[in-house]
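First up is the structure itself, then whatever we jot down about it.
Residue numbers start at 1 and run along the sequence shown.
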Amino acid sequence: MVNIPLSISWNIKFPNLFLFFMAFGLLTGTVLSLMEGLLKILRFKSSSLVFDSLVRTIFYFVALWLILNIIKNLLNDYSYLFISGYMATPSNTRNFDIIILTYTLFMIFIVSFINEMVSKNSPGFTMPLILGKYRFPREENRLFIFLDLKGSTHLAEELGHLKYSSFIQESIMEVNQVAKKFKAHIYQYIGDEIVITWKLEHFNTLNSIKFLFALNQRLKKKEKQFNSHYGSIPVFRAGIHEGIVTAIEIGDLKREIAFHGDTMNVCSRIQGLCKIFNRKILISEQVNQNKEISQNFKVTPLGSQILEGRKHSVEVFAVE
C-alpha cells in the first residue's frame, strides 16, 4: 500500500509525467524489441508453450528491472517528477517502481496477446477480422501463389510420418521468413501446400517472382542443414495468377477469411502444370502482362492450356 503523507500537495506535474513515460516507453520498447529478436533466434522448439511463456516473462521482468534501475541512477530519484511535496524516501521510490512495473507488464501482456492474434491469422487478416470487414462478401483484386512441395509422397515414405512432419515444419518456417521480407500474407496451409497472397493495390507483381527466387536462395543456404537432418532439401513448385476474388469471413468455432472465385481455381491448376512441364515457376498471361518480369527473368511461353474444370484455355508461361 502506498503511504501518502496528509500534508502532501496534490500538484501532479503532468508534463513531467508525460515526458518520463515517453522516455521510459522508448527505452523499454527498444530493449524488449531486441530481446524479442533474440528469443526468436533462440527458439525453444522442443519446449512447451508454458515453458516458452515462462522464459519470456523472466526475460522481460529482468529487462524492466534493469531499465528502472538505470533511470533511477541517471535521475538519482524520479519521484519528484510526479507530485509536489512527495518525499523521495526509499519506501516511496519503491512504490513508484511497483506502479511502473505493473503498468508496463500489463501493456506487454496486451501487446503479446495482439501479436499472438496476428500470428494466428497472418498479418493483414487480423484487424479486418476484429473490425468485421469481411462479414459480408466483398470483391478484391489479388495475386496468389500456390506453392507445392516437390516429391512429398516419396519423402513421406522415406522419412516416416514424424520426421516428414518436422521436415514440413522447417520448410514452411523458411517460407515464412522470406514472406515477412516481402510483406506477403500467408492465406492457407494445406498439407504440404502453402497459399500466399498480396493485394494488387500498390503492389508490383514482379515482387512475387523475386519472392520465389529469394526463397530458393534461402533454401540453398540451408542445404547442409536439411541434408544432415533429412537427407533432402525442400523444393517448391509455384503457380501464380491474379484477378478478382470474393472475400468473406466464414466459420463460428474457427473463424477465418476465405477467398472464392475463378482466380483461385486457375492458380491451383497452373501450379498443377508444374509437374507436367517439369518447371518450378509458372505464371498466367495476366501476370506476364507486367513487362518488368521478362526484363528481369527468362520467360518462356508454354502455349494455351486447357485447365481442368474450365471451358476457356489459359496462356501459361515458365519463369527462370
Side-chain angles (χ1 to χ4, degrees), residues 29-30 32-49 51-53 55-56 59 111-112 114-127 142-152 155 159 163-199 203-240 256-257 267 271 274 280-281 296-297 319:
T30 302
L32 295 186
S33 294
L34 292 172
M35 290 185 58
E36 186 67 25
L38 177 64
L39 289 170
K40 284 182 178 179
I41 295 171
L42 304 172
R43 289 180 296 174
F44 303 100
K45 182 180 175 182
S46 61
S47 63
S48 66
L49 180 61
F51 179 75
D52 183 51
S53 299
V55 169
R56 286 174 182 272
F59 267 84
V111 172
S112 298
I114 294 172
N115 284 337
E116 280 297 313
M117 288 288 293
V118 170
S119 66
K120 291 291 183 184
N121 297 290
S122 177
F125 294 145
T126 305
M127 287 309 295
R142 284 183 170 270
L143 179 140
F144 286 89
I145 298 180
F146 276 65
L147 272 176
D148 182 60
L149 190 64
K150 182 180 178 182
S152 57
L155 276 171
L159 297 175
K163 202 167 185 178
Y164 176 68
S165 292
S166 295
F167 178 79
I168 294 292
Q169 183 189 48
E170 290 194 30
S171 301
I172 289 178
M173 184 60 71
E174 298 304 327
V175 175
N176 274 256
Q177 298 309 309
V178 181
K180 288 178 184 177
K181 295 179 181 178
F182 284 83
K183 298 181 180 179
H185 298 161
I186 306 292
Y187 169 47
Q188 280 183 334
Y189 301 118
I190 311 168
D192 55 13
E193 190 175 86
I194 311 168
V195 183
I196 298 167
T197 182
W198 290 267
K199 267 190 176 182
F203 177 72
N204 187 347
T205 52
L206 173 66
N207 288 330
S208 64
I209 309 295
K210 289 182 176 180
F211 160 78
L212 293 172
F213 277 83
L215 173 61
N216 186 51
Q217 287 297 316
R218 184 178 179 89
L219 292 174
K220 279 185 178 179
K221 290 179 181 178
K222 300 277 185 173
E223 185 174 355
K224 288 184 178 179
Q225 178 184 323
F226 275 99
N227 275 325
S228 64
H229 285 86
Y230 307 106
S232 179
I233 63 170
V235 177
F236 287 97
R237 294 181 291 212
I240 310 177
E256 63 180 39
I257 297 169
C267 192
Q271 189 279 318
C274 289
K280 286 185 178 181
I281 303 173
N296 289 271
F297 301 97
V319 180

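Inter-residue side-chain proximity for I145 and V195 is flagged as unmet; no heavy-atom pair is nearer than 4.5 Å. Q188 has its side chain within reach of E256: a pair of non-hydrogen atoms, C-beta onward, lies under 4.5 Å apart. Inter-residue side-chain proximity for L149 and F236 is flagged as met; some heavy-atom pair is nearer than 4.5 Å. Inter-residue side-chain proximity for I172 and I194 is flagged as met; some heavy-atom pair is nearer than 4.5 Å. Residues L215 and L147 form a side-chain contact, since some pair of their non-hydrogen atoms from C-beta on lies under 4.5 Å apart.
Ring pair F211/W198 is perpendicular by interplanar angle, where above 60° counts as perpendicular and below 30° as parallel.
Distance check, rounded to the nearest 0.5 Å: OG1 of T205 to CG of L143 gives 6.5 Å. Going from atom CD1 of I168 over to atom CG of L159 covers 9.5 Å, rounded to the nearest 0.5 Å. Atom NZ of K199 sits about 6.0 Å away from atom CZ of R142, to the nearest 0.5 Å. How far NZ of K183 is from NE2 of H185: 9.5 Å, rounded to the nearest 0.5 Å. Summarising the geometry, atom CZ belonging to F203 is positioned 9.0 Å from atom OG1 belonging to T197; distances are rounded to the nearest 0.5 Å. To the nearest 0.5 Å, the span separating CD1 on I196 from CD1 on I240 amounts to 9.5 Å.
When the side chain to side chain contact (heavy atoms under 4.5 Å, CB included) test is applied to K222, the partners found at least two apart in sequence or on another chain are E174, R218, Q225, F226. By the side chain to side chain donor-acceptor pair (under 3.5 Å) test, D192 pairs with S152, Y164, sequence neighbours left out. L206 is linked by a side chain to side chain contact (heavy atoms under 4.5 Å, CB included) to N204, K210, N290, E292, I293, N296, F297, counting only residues two or more places apart in sequence or in another chain.
Sparse packing is recorded around NZ of K150, with 12 or fewer heavy atoms of other residues, nucleotides or ligands lying under 6.0 Å away.
The minimum heavy-atom distance between F167 and S232, with the atom names listed, is CE1-O, 3.7 Å. Minimum heavy-atom separation, F146 to E193: CD2-OE1, 3.6 Å. Closest non-hydrogen pair, F213 versus I281, comes out as CE1-CD1, 3.7 Å.
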(message) Using the rule given for side chain to side chain contact (heavy atoms under 4.5 Å, CB included), can you reason through C274 versus D148, listing the C-alpha separation, both sets of side-chain angles and the distance that settles it, and then say yes or no?
(response) CA-CA 10 Å; C274 289; D148 182 60; over 6 Å; no
